[in-house]
Amino acid sequence: SQQGEEDPQALSIQEGENATMNCSYKTSINNLQWYRQNSGRGLVHLILIRSNEREKHSGRLRVTLDTSKKSSSLLITASRAADTASYFCATESRGADGLTFGKGTHLIIQP
Amino acid sequence: DAGVIQSPRHEVTEMGQEVTLRCKPISGHNSLFWYRQTMMRGLELLIYFNNNVPIDDSGMPEDRFSAKMPNASFSTLKIQPSEPRDSAVYFCASSLERGDEQFFGPGTRLTVL
């Protein structure tokens, strides 16, 4: 069953703008992770936020987590053409093994 | 470290044939995962090993799929017999411990004709 659901499914913005992607999930989690996948490549880990954390930063990335709403957001500031990729949220649920991935947001940065 | 290594990168086979996908995790990682990615179903966890022991294989589609991890540096995913609906990209990933960030291999693109 799908745990994480990303929103929107696709997003196209101009270079330099900020991109925001959202993720909702259903069960209690230990942590939530965001990954990027370039076309034809494997996934690359971006950031991990634990259930007791509310916000985390890494370079131009900012992730928030609201466990009461079972949602997370990924903000990419000052977007670049190289940020064009699919972005997935993945949850590690309590009592479960492995990660459950959403179907991803396809982000296109127009130069 | 070379990262997670998968082979082959591409595999084209005919229905009914046996397919074996291979994975070498990052040295020192204790957890290994096999995923399958399709347009329709997205990324699905097939099986998870911890310290070479299969912990959760509930994602394995059916008995045609089997996975082994004979040692800490090698795992295989076998499909026998293969069917066209098995066509997908199969990823192997490893992490230091369960719950840590996962490092993905480049994937094996499988096409079953």
Side-chain angles (χ1 to χ4, degrees), chain A residues 1-10 21 23-53 56 58 61 63 65 74 85-106, chain B residues 2-7 9-10 21 23-26 29-51 53-60 67 75 88-111:
Chain A
S1 63
Q2 208 70 39
Q3 165 73 318
E5 294 284 347
E6 290 90 343
D7 168 51
Q9 290 186 345
M21 289 158 273
C23 170
S24 59
Y25 57 91
K26 297 174 183 170
T27 64
S28 295
I29 61 171
N30 291 323
N31 66 62
L32 184 145
Q33 304 179 31
W34 285 92
Y35 287 79
R36 183 187 72 216
Q37 184 179 33
N38 290 87
S39 180
R41 302 281 186 93
L43 281 74
V44 175
H45 182 269
L46 295 176
I47 199 163
L48 181 154
I49 186 165
R50 301 195 185 280
S51 60
N52 60 353
E53 297 176 310
K56 209 160 183 182
S58 177
L61 306 180
V63 168
L65 179 64
L74 170 67
S86 291
Y87 291 81
F88 296 85
C89 71
T91 53
E92 195 215 11
S93 298
R94 290 177 188 167
D97 294 302
L99 296 175
T100 304
F101 284 81
K103 289 200 171 182
T105 292
H106 185 50
Chain B
V4 175
I5 299 172
Q6 290 186 248
S7 65
R9 293 292 308 276
H10 302 272
L21 311 181
C23 174
K24 177 177 169 30
I26 292 174
H29 281 192
N30 294 316
S31 297
L32 182 140
F33 308 84
W34 281 100
Y35 293 92
R36 177 174 68 177
Q37 186 177 35
T38 62
M39 287 293 292
M40 289 297 294
R41 300 176 66 88
L43 200 63
E44 303 172 282
L45 175 67
L46 299 178
I47 189 169
Y48 154 58
F49 290 87
N50 192 51
N51 293 321
V53 177
I55 303 299
D56 180 7
D57 65 354
S58 59
M60 297 285 262
S75 177
V89 181
Y90 291 80
F91 288 103
C92 175
S94 70
S95 64
L96 200 58
E97 297 291 348
R98 172 187 176 276
D100 291 337
E101 65 173 289
Q102 294 185 16
F103 294 81
F104 280 73
T108 295
R109 182 173 295 276
L110 173 65
T111 302

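If you're wondering where the values come from, they're calculated on a predicted model, not measured in any experiment. Proteins come first, then strands; the chains are lettered A, B, ... in the order of their sequence lines, and each starts at number 1.
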Working to the nearest 0.5 Å, report the span between CD of B:Gln37 and NZ of A:Lys103. 11.0 Å
Measure the CG-OG distance between A:Leu99 and B:Ser95 for me, rounded to the nearest 0.5 Å. 8.0 Å
Note: A:Leu43 and B:Leu43 closest approach over all heavy atoms is CD2-CD2, 3.7 Å
Any side-chain donor-acceptor pair under 3.5 Å between A:Gln33 and B:Gln102? no
dist B:Phe91:CZ -> A:Arg41:CZ (nearest 0.5 Å) comes out at 11.0 Å
Carefully, step by step, assess B:Arg98 and A:Asn30 under the rule side-chain contact (heavy atoms from CB on, under 4.5 Å). CA-CA 11 Å; B:Arg98 172 187 176 276; A:Asn30 291 323; 4.3 Å; yes
Go through the atoms of B:Phe103 and report whether side chain, backbone, both or neither lie under 4.5 Å from a heavy atom of chain A. neither
For A:Gln9, I'd like to know if atom CD has over 12 heavy atoms of other residues, nucleotides or ligands within 6.0 Å. no
In this structure, CZ of A:Phe101 is separated from OH of B:Tyr35 (nearest 0.5 Å) by 4.5 Å
